[in-house]
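Following: one structure in structure tokens, then a few remarks.
Letters go in sequence order (proteins before strands), and every chain restarts at 1. Computed from a predicted model, the values in this text were never measured in an experiment.
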Amino acid sequence: MAERPTYYVTTPIYYVNDSPHLGHAYTTIACDALARFMRLDGYDVRFLTGTDEHGQKVKKSATAAGKSPQAFTDEVSERFRALGPLLNLSNDDFIRTTEPRHTSGVQALWRTLVERGEIYLGTYAGWYAVRDEAFYTESELSPGPNGSRLAPSGAPVEWVEEPSYFFRLSAWGERLLRHYEEHPDFVAPDSRRNEVIAFVKGGLQDLSVSRTSFSWGIPVPGDPRHVMYVWLDALTNYMTAVGYPATDSELYARYWPADLHMVGKDILRFHTVYWPAFLMAAGLEPPRRVFAHGWWTMEGQKMSKSLGNVIDPHAMVARYGLDPVRFFVLREVPFGADGDFSHRAVVGRLNGDLANDFGNLVQRVLTMIGKNCGARMPEPGALADADKVLLGAAYGLLERQRAAYRVQAFHTALAELWDVVGRSNRYVDEQAPWALRKTDPARMAMVLWVLAETIRHLAILAQPVIPGAAGDVLRQLGVADDRRRFADLGPKGALVAGTPLPAPAAVFPRFVAEETA
RNA sequence: GGCGGAGUAGCUCAGCGGUAGAGCAGGGGAAUCAUAAUCCCUUGGUCGGGGGUUCAAAUCCCUCCUCCGCUACCA
């Protein structure tokens, strides 16, 4: 038997300085939908998420909370891990940068880079604001009193020099540009690709990859006064989670290079410039693709702690239900663009697309089968033209879904599914099975079977995005758990007449206005 | 400032050289299997302003206006 093709997809590892919010949920849901889609399509999938736990900010937050960094990160990391059950995530692994498998792997990568002459000891010099504990570039500074300079925060800065290890990033500009050229799908969407190319064309400086100003990090091998730059540390998780530095290990051999790193647009550069440069410098393969998605505003406003409009995923799921939320974030905006998470829009999708269009379609069909076909899957007969048209649309969905998922166009994939939902509702009205019940019961049975079979296709293909509801629909259709893969689509997996069906129950209740307190 | 992107129906957007489109919202109607869900019809736009190329321009070119992104070492 031939080996199944593999697919390795990652979320960024989330920085534990922050509690999980809609943004984290969004990225992870998108990856989950992708992972589920590929699994259903027969791929050997690896889906990774985790937490990024080192750095000065974490240390400060831990101190502020009166905890040790390890105790603090244990706690916050657990809140990210809890997103798994909350959002029905299917990740195969969850990595923390404080785990030994990671820290030792990163140190191995460091040693490799040193051996290859890609890292050298130098001096980092820059404008440093003691109050902010941060360096700033010349361009960020504004003039202060008496010829001094001020940071954007208003803090005074001073010229500071400290020893630091540097990565020879400047040597990789041409190689990176060639990589972008030869792999046009490496950065998506295209607008982001242009940005990255423009950035690299502007010239690259060597990158400071160690710090001596704090110690909450991975020690530099052979020079423990330094800890590693958090991005070198963090990015490497994608490899340490599959066994790096054991490049001959089963996991690494199977899954590296990753097929897709999903990221927010704010961390694009780290993934498309530094990361591939680190890897090429170490003689390793870069990931195949990096997709930068957009951000959500909340009722038209930027989410921020000060505005108090940061969405807690638990509250969001409690209010709307999980599958509606998953559906909304992937359906509402073209993936890659920014979107607005408004109550009105969520309810519109939930009541319109899910409850009225899809949920009600399933309900009306299953109820008619329940009442008029003895609660068993009806007997199909000869196909009328209208039947062929509808079934043809259903059969044609898989290829279209693949094309959309291939480029992470979740919104397109869902729109195509819902096109068939609409066709199905029109078909019900045109065929009017409630009238056929009296005039031509055999034809009624055929119509209901065609609808059930179409719904089977829709539900199987909707599983990646709304796994709970789609699974419920399939259960109500009497489709066994092991007959829900994409290989079961088409006539060969068709619903079998006579199969006893459970009593139908609504899958998507409409959202009704909450009591105003 | 430089580079890139976008401005099309009330809203969100598709169209990217050949008689202005979709979804939602609004208006009217049909049907009654169904979560009063569904289906049909319909109102609505001088496609940001101006100029140009063309038999023909949302669609190509120029220019102006507005908005957004990027312009490196917090992550």
Side-chain angles (χ1 to χ4, degrees), chain A residues 12-18 52-58 60 124 126 132-137 139-140 153 164 166-167 169 189-211 229-234 264-270 273-274 292 294-295 331-334 337-340 342 344-345 348-349 351-372 411-412 415 418-419 421-422 424-437 444 447-448 451 504-512:
Chain A
I13 46 173
Y14 301 115
Y15 203 53
V16 295
N17 195 39
D18 204 359
D52 177 11
E53 310 188 6
H54 290 128
Q56 189 169 32
K57 280 193 175 182
V58 171
K60 279 179 80 173
Y124 185 76
D132 300 345
E133 296 183 41
F135 281 93
Y136 294 98
T137 58
S139 60
E140 289 176 292
S153 62
S164 172
F166 283 84
F167 170 70
L169 183 64
D190 282 343
S191 54
R192 298 297 169 193
R193 180 169 182 267
N194 293 339
E195 281 180 16
V196 170
I197 290 173
F199 175 78
V200 175
K201 277 189 175 160
L204 298 173
Q205 297 169 21
D206 287 351
L207 186 68
S208 165
V209 288
S210 76
R211 298 286 187 274
Y229 175 45
V230 278
W231 273 105
L232 177 59
D233 169 352
K265 61 185 183 180
D266 53 326
I267 55 174
L268 218 218
R269 179 187 310 143
F270 303 101
V273 180
Y274 302 170
W295 283 1
R331 175 65 186 86
E332 184 67 5
V333 300
D338 291 345
D340 183 44
S342 72
R344 185 190 173 83
R349 290 290 176 194
N351 287 352
D353 292 357
L354 295 177
N356 296 350
D357 292 344
F358 186 56
N360 182 58
L361 169 70
V362 174
Q363 179 89 336
R364 67 199 299 209
V365 170
L366 288 174
T367 303
M368 279 189 276
I369 291 174
K371 286 182 183 168
N372 305 313
H411 61 295
T412 306
W418 257 255
D419 175 60
V421 169
S424 301
N425 273 317
R426 264 164 267 151
Y427 173 90
V428 180
D429 280 52
E430 285 159 11
Q431 300 300 318
W434 52 89
L436 293 169
R437 181 165 62 97
M444 175 201 72
V447 166
L448 293 176
L451 283 163
V507 284
F508 288 114
R510 289 172 59 83
F511 182 94
V512 287

Measure all distances between protein nitrogen or oxygen atoms and nitrogen or oxygen atoms of nucleotides 37-42 of chain B, and list the pairs falling under 3.5 Å.
from  : atom 1 : to       : atom 2 : distance (Å)
B:A37 : OP1    : A:Arg510 : NH2    : 3.4
B:A37 : O2'    : A:Asn356 : O      : 2.9
B:A37 : O2'    : A:Asn360 : ND2    : 2.7
B:U38 : OP1    : A:Asp357 : OD1    : 3.2
B:U38 : O2'    : A:Arg364 : NH1    : 3.2
B:U38 : O2'    : A:Asp429 : OD1    : 2.9
B:U38 : O2     : A:Asp429 : OD2    : 3.3
B:C39 : O4'    : A:Asp429 : OD2    : 2.9

Sugar-phosphate only, base, or nothing, as touched by A:Arg437 at under 4.0 Å among non-hydrogen atoms: nothing
Side-chain N,O (A:Lys265) to OP1/OP2 (B:C70) below 4.0 Å: no
Touch class at under 4.0 angstrom, heavy-atom based, for A:Tyr15 against every strand present: sugar-phosphate
Given B:C74, B:A34, B:C33, the nucleotide with the shortest approach to the side chain of A:Lys371: B:A34
For RNA chain B, stems built from three or more consecutive Watson-Crick or G-U wobble pairs below 3.5 Å: B:1-7 with B:65-71, B:10-13 with B:21-24, B:26-30 with B:38-42, B:48-52 with B:60-64
Touch class at under 4.0 angstrom, heavy-atom based, for A:Gly203 against every strand present: base
Among B:U71, B:G4, B:U35, the one nearest A:Arg269 by side-chain distance: B:U71
Sugar-phosphate only, base, or nothing, as touched by A:Thr367 at under 4.0 Å among non-hydrogen atoms: sugar-phosphate
Separation between the P atoms of B:A20 and B:A72, rounded to whole Å: 46 Å
Residues forming a ring pair (Phe, Tyr, Trp, His ring centres under 6.0 Å) with A:Trp434, sequence neighbours excluded: none
Non-hydrogen side-chain atoms of A:Tyr274 and A:Leu232 separated by less than 4.5 Å: no
Charged N-O contact under 4.0 Å between A:Asp52 and A:Lys57: no
Syn or anti conformation of B:A58, syn meaning chi within 90° of 0: syn
Nearest-nucleotide pick for A:Ala506, side chain only, options being B:A31, B:U35, B:A72: B:U35
Sugar-phosphate only, base, or nothing, as touched by A:Asp340 at under 4.0 Å among non-hydrogen atoms: nothing
